[in-house]
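Here is the structure we will look at, set down as structure tokens.
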Amino acid sequence: MLDIKFIREHPDLVREGIQKKGAADSVDEVLRLDAHRRELLQKVEHLKSHRNMVSEEVGKLKRTGKDAATVIAEMETVKNQIKSIDDELRGVEETLHGFMLTIPNIPHPSVPVGTKPEHNQEVATWGEPPVIDFKPKPHWELVEKLDLIDFERGVKVAGAGFPVYKGQGAKLQRALINFFLDEGAAKGYQEIQPPLMVNAASATGTGQLPDKEDLMYVATKDDLYLIPTAEVPVTNIHRDEMFTEQQLPVKYCAYTPCFRREAGSYGKDVRGLNRLHQFDKVELVKYVHPGVSYNELESLREDAEQLLKKLGLQYRTLLMCTGDMGFTQSKKYDLETWSIGQQRWLEVSSISNFEAFQARRMNIRFRPRGDGKPEFVHTLNGSGLALPRVVATIIEHYQTPEGKVIVPKALHKYTGFEIIG
RNA sequence: GGAGAGGUGGGUGAGUGGCUUAAACCAACGGUUUGCUAAACCGUCGUACGGGGUCAACCUGUACCGAGAGUUCAAAUCUCUCCCUCUCCGCCA
């Protein structure tokens, strides 16, 4: 949610931002409702002020034993007026709030404007594809042959998109989780194990509700949502809280499974590990001072890139264009690894600055040093990293002509084996 | 699932109809003292949304004591509904 004052004072900037994102523009409705709201507010507050004065007088009269009946009778109309204006005001505020929730976060000036993949800017590349003299296989062939993942039995147990990891496959997965968490801890992120289901208030805070409910699995009997990412529970940890300035930045890392309905996906996108309904991810979350959030975004990006470097995986970093950004983000990078078996880039991390957009929804503030008023923090998050595509890339990148897989050195102490197969 | 207790400011926690913009303490902030740190002492210290303004470090209005509705001239305080938390019992990894 944006600041209503900001919209009021800079409607054109907001319109421009909405347009860049290609979202629906409800600035006019917001401005109209906001004006109406303030008009009613002034009226009713004036009446209430009058009521308070009279009430005080009544108290005095009664204490001195005098009759207050006439004054009380006069208040009858005031009382009714207040009630009717208050009712109208509530209606206006509800409508206004509804429109406010539809206005997306506006993009940072450094974000390229566009709607197509070619409008994304490549800002960093690292590594090279492995030099091999055989035709590389896609990971779904390798994992089946090596008996690392059983997709078919996953279908039987739950459905498509719910793989069963087995033996060295399961161990590789666990090794990556531990590796990511340890690396995060070394960078000052406190490890968190959050709830895997959240209530509606939390899902609204990070922006999944009200309009992205279809992305999530819902436990309707209990009004709970399976988390689509650890971002949801971890960012909501501090909902309705106030930090001191010296507490910032607060940095968390959390491993969780993630659950996504992914309705409408098809084709090569869903082949193998490319897109799943349940997958594992380690998420990095920061709450920071607004003045440094873009520096923190860069360091978050470096923290995520570092993981790929240590695994020896080729990657590129894209600064996502306005059209490819989500509703809540003001700037976003994607990290993609090169899948040698599929000859395509796979997104393994998404790193975003939300500025105060989520914090305002969640009411997360800090009290500045000195006697300043509370301000909203800026929130950021980034995957560090999403497992399935990293697993896919590792298996393809480090495959041998015999169809085995060499485990990256950084993982040896976690797997306990150096070769798969 | 059954029974009971409770939800107050950054935190702990008083307050059972008008004098509560909410005692007290802690934290925070400013100052005094000090070689430095600490301690002690003095002072300041709610938030949100409006209005006015030499637009700021100023003045002013309203609301807010879990949420909503009601009673009343007046509600943290009385009534009702809902939500949540805790304790005990039952069940259980």
Side-chain angles (χ1 to χ4, degrees), chain A residues 1-10 30-101 193 195-205 209 219-225 233 236-250 287 289 356 359-377:
Chain A
M1 197 154 61
L2 291 178
D3 184 1
I4 182 68
K5 283 184 201 154
F6 184 82
I7 299 176
R8 199 185 296 153
E9 283 159 24
H10 311 282
V30 164
L31 291 177
R32 187 174 50 75
L33 288 161
D34 176 52
H36 191 196
R37 173 180 153 269
R38 281 185 292 159
E39 189 191 317
L40 292 172
L41 209 51
Q42 279 183 52
K43 256 199 249 177
V44 79
E45 286 186 355
H46 183 75
L47 288 169
K48 282 180 179 172
S49 171
H50 181 57
R51 180 185 65 185
N52 289 345
M53 269 163 50
V54 172
S55 290
E56 211 171 308
E57 253 175 68
V58 170
K60 276 184 203 157
L61 287 173
K62 293 213 164 174
R63 246 172 290 147
T64 56
K66 291 179 186 160
D67 180 39
T70 38
V71 191
I72 289 172
E74 278 169 31
M75 291 312 290
E76 187 65 23
T77 41
V78 174
K79 201 173 131 187
N80 291 335
Q81 277 177 308
I82 288 173
K83 189 167 160 41
S84 88
I85 298 175
D86 260 345
D87 285 347
E88 189 182 356
L89 187 61
R90 191 171 314 110
V92 169
E93 282 181 338
E94 262 172 39
T95 316
L96 175 61
H97 187 71
F99 277 112
M100 288 290 288
L101 288 178
Q193 287 191 20
L196 305 182
M197 301 182 103
V198 295
N199 55 31
S202 294
T204 306
L209 292 180
T220 51
K221 273 193 184 174
D222 299 286
D223 287 323
L224 290 170
Y225 300 82
N236 273 284
I237 286 174
H238 294 292
R239 175 152 48 85
D240 291 318
E241 287 185 19
M242 179 111 61
F243 293 107
T244 61
E245 181 170 346
Q246 33 278 77
Q247 282 177 288
L248 302 176
V250 174
Y287 306 71
H289 190 286
R360 193 171 289 109
R361 279 184 176 223
M362 282 184 279
N363 193 28
I364 305 175
R365 297 172 296 170
F366 72 98
R367 195 180 290 284
R369 260 179 261 267
D371 52 358
K373 286 190 160 298
E375 288 178 51
F376 291 110
V377 300

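Quick caveat: nothing in here was measured; it's all calculated off a predicted structure. First the proteins, then the strands, lettered A, B, ... as listed; each starts at 1.
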Spacing of A:Lys83 atom NZ and A:Asp87 atom CG [to the nearest 0.5 Å]: 4.5 Å

Side chain of A:Lys5 - closest among B:G50, B:G46, B:C73: B:G50

Residue A:Gln246, side-chain atoms from C-beta onward, closest of B:C29, B:G10, B:U62: B:C29

Between C1' of B:U62 and CD of A:Gln42, the distance in whole Å: 11 Å

Nearest-neighbour nucleotide for the A:Glu45 side chain, B:C49, B:G46, B:G18 considered: B:C49

Side-chain donor-acceptor contact under 3.5 Å, A:Thr77 with A:Asn80: no

Sugar-phosphate, base or nothing in reach of A:Thr244, heavy atoms under 4.0 Å: nothing

Listed nucleotide nearest any side-chain atom of A:Lys79, set B:G51, B:U47, B:C73: B:C73

Atom-to-atom span, CD of A:Glu245 to P of B:C45 - whole angstrom: 21 Å

Rounded interatomic separation in angstrom, taking CG from A:Leu89 and P from B:C64: 13 Å

Among B:G61, B:A69, B:G70, the one nearest A:Arg90 by side-chain distance: B:A69

A:Phe366 and A:His289 aromatic ring geometry - parallel, tilted or perpendicular at 30°/60° bounds: tilted

Nearest-Å distance for atom pair CG/P, residues A:Asp86 and B:C64: 10 Å

Nearest-nucleotide pick for A:Val58, side chain only, options being B:G50, B:A63, B:G18: B:G18

Within 6.0 Å of CD in A:Glu241, more than 12 heavy atoms from elsewhere: yes

Integer angstrom distance from the C1' of B:C45 to that of B:G9: 11 Å

Rounded distance (Å) that lies between atom C1' of B:U62 and atom CD of A:Glu93: 12 Å

Among B:A69, B:U47, B:G18, the one nearest A:Ser55 by side-chain distance: B:G18

Whole angstrom value for the distance that separates P of B:C64 from CG of A:Asp240: 18 Å

Interatomic distance, A:Ile85 CD1 vs B:U62 C1' [rounded to whole Å]: 13 Å

Nearest-Å distance for atom pair CZ/P, residues A:Phe366 and B:G11: 18 Å

Spatial distance of atom CG (A:Leu31) from atom NE2 (A:His36) [nearest 0.5 Å]: 14.5 Å

Sugar-phosphate, base or nothing in reach of A:Lys83, heavy atoms under 4.0 Å: sugar-phosphate

A:Arg367, nearest nucleotide to its side chain (from B:G10, B:A63, B:G51): B:G10

A:Arg37 side chain, from C-beta outward: closest of B:G46, B:C49, B:G18: B:C49

Residue mapping more 5' on RNA chain B - nearest nucleotide basis, A:Met53 or A:Asp3: A:Asp3

Which nucleotide in B:G18, B:G51, B:A48 has an atom nearest any side-chain atom of A:Lys373: B:A48

